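Note sheet for the following structure.
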Amino acid sequence: INSLVIDDYFACIEIYPAYVPPYVLAAEVFYAFEQYDDVEQVIGTAKELTLESDSLDLYEIRCIHYKSFSRENTEKALALIEVLRDKVYNQSDRETDIEDLADLEKEYAILYWDLDNTAMTLVIIEEFLTKHPNNTSLLHLKVDVLNRENRIQEALEICKTLVQLEPNNLYAKARVGNSYERLDEVKK
């Protein structure tokens with residue numbers, strides 16, 4: 001099915017090259033398979049046509065961050081995401097095409113985490129969760145951060161919440177078990 005999305009992308013840009021959604025979908029598929037060069041090519045094509053898209057900007061930031069992982073690239077990606085967040089949140093005269101702002105905030109938090117700034121990572125996560133307390137994506141990230149910080153009891157409580165929010169998610173259930181194991185409560 002993913003190759004069909006890419007075929008559709010090429011067909012769409014041939015018919016109507018100024019329509020942004022096919023570029024975003026193609027970038028999403030290429031990114032999912034860590035084909036960063038292809039993501040960059042899609043973004044480059046869109047830029048040549050002077051198309052604007054916050055989603056494509058986010059994929060560009062992700063490529064900078066992950067394609068050739070380094071502290072320098074992470075810092076560069078962080079500077080770019082701060083500009084993007086300013087556009088998304090502070091320019092009321094425009095709308096964003098980022099469907100789920102949790103994706104933006106998650107990447108922002110991860111950038112700080114990759115720069116070993118766990119405190120800021122947790123601030124970003126908490127700020128988003130204050131407004132969206134049931135966002136499972138950020139809750140899972142918070143569990144990861146807390147586990148790395150050996151704050152296992154806190155992680156366990158969030159894992160229990162995740163099981164309530166996602167009762168059919170076996171990964172969420174396994175995370176509860178993992179937390180109990182790390183707390184030396186293997187029977188639970």
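None of the values given here were measured: they were computed from a predicted structure.
- E40 CD to T45 OG1: the interatomic distance, rounded to the nearest 0.5 Å, is 11.5 Å.
- With values rounded to the nearest 0.5 angstrom, L115 atom CG is found 12.0 Å from I110 atom CD1.
- V83 and M120 are assigned to two separate hydrophobic clusters, defined by single-linkage of ILVMFWY side chains at heavy-atom distances under 4.5 Å.
- Summarising the local packing, CD of E52 is surrounded by 12 or fewer heavy atoms from other residues, nucleotides or ligands at distances under 6.0 Å.
- Within the 3.5 Å criterion, the main-chain N or O of A18 finds no donor-acceptor partner in the side chain of Y23.
- The residues E60 and K47 are annotated as salt-bridged, a charged nitrogen and a carboxylate oxygen being separated by less than 4.0 angstrom.
- Taking every heavy atom of both residues into account, S137 and K106 meet most closely at OG-CD, 3.3 Å.
- With rounding to the nearest 0.5 angstrom, the CD1 atom of I152 is 13.5 Å from the OH atom of Y180.
- Under a hydrophobic clustering in which Ile, Leu, Val, Met, Phe, Trp and Tyr are joined whenever their side-chain heavy atoms come within less than 4.5 Å, directly or via other members, I98 and L78 fall into the same cluster.
- In terms of heavy atoms, T118 sits closest to V145 at CG2-CG1, 3.5 Å.
- With no hydrogens or angles considered, a side-chain donor-acceptor pair links H140 and E166 at under 3.5 Å.
- Remark: Q41 CD is loosely packed, at most 12 non-hydrogen atoms of other residues, nucleotides or ligands lying under 6.0 Å away.
- Summarising the geometry of D114 relative to F69, their closest heavy-atom pair is OD2-CE1, 3.4 Å, with the distance given to 0.1 Å.
- The shortest distance between side-chain heavy atoms of V163 and N169 does not fall below 4.5 Å.
- For the pair P133 and F128, the minimum side-chain heavy-atom distance is 4.5 Å or more.
- Y89 and I61 fall within the same hydrophobic cluster, defined by Ile, Leu, Val, Met, Phe, Trp and Tyr side-chain heavy atoms under 4.5 Å apart, directly or through other members.
- A side-chain contact (heavy atoms from CB on, under 4.5 Å) with L139 holds for exactly one of I125, D144, L129; it is L129.
- A salt bridge between K67 and E34 is absent, with no side-chain N of the basic residue lying under 4.0 Å from a carboxylate O of the acidic one.
- Going from atom CZ of R71 over to atom CG of D116 covers 6.0 Å, rounded to the nearest 0.5 Å.
- Using a 4.5 Å heavy-atom threshold, the side chains of Y66 and Y31 count as touching.
- Using a 4.5 Å cut-off on side-chain heavy atoms (C-beta onward), N150 and R182 make contact.
- Looking at every heavy atom in both residues, L141 comes nearest to A109 through CD2-CB, 3.9 Å.
- Hydrophobic clustering (ILVMFWY, side-chain heavy atoms < 4.5 Å, transitive): I158 and V176 are in distinct clusters.
- Both I43 and L49 are members of a single hydrophobic cluster when ILVMFWY side chains are connected at heavy-atom separations under 4.5 Å.
- Remark: K76 does not engage E72 in a salt bridge, criterion side-chain N to carboxylate O under 4.0 Å.
- Here the CG atom belonging to L122 is positioned 9.0 Å from the CH2 atom belonging to W113, to the nearest 0.5 angstrom.
- Contact check for L138 versus I124: no side-chain heavy atoms found under the 4.5 Å cut-off.
- Taken to the nearest 0.5 Å, the CD atom of E157 stands 13.0 Å off from the CZ atom of R151.
- Side-chain contact between N147 and E154 is absent, with no heavy-atom pair separated by less than 4.5 Å.
- Ion pairing between R85 and D57 fails under the 4.0 Å rule for side-chain N and carboxylate O.
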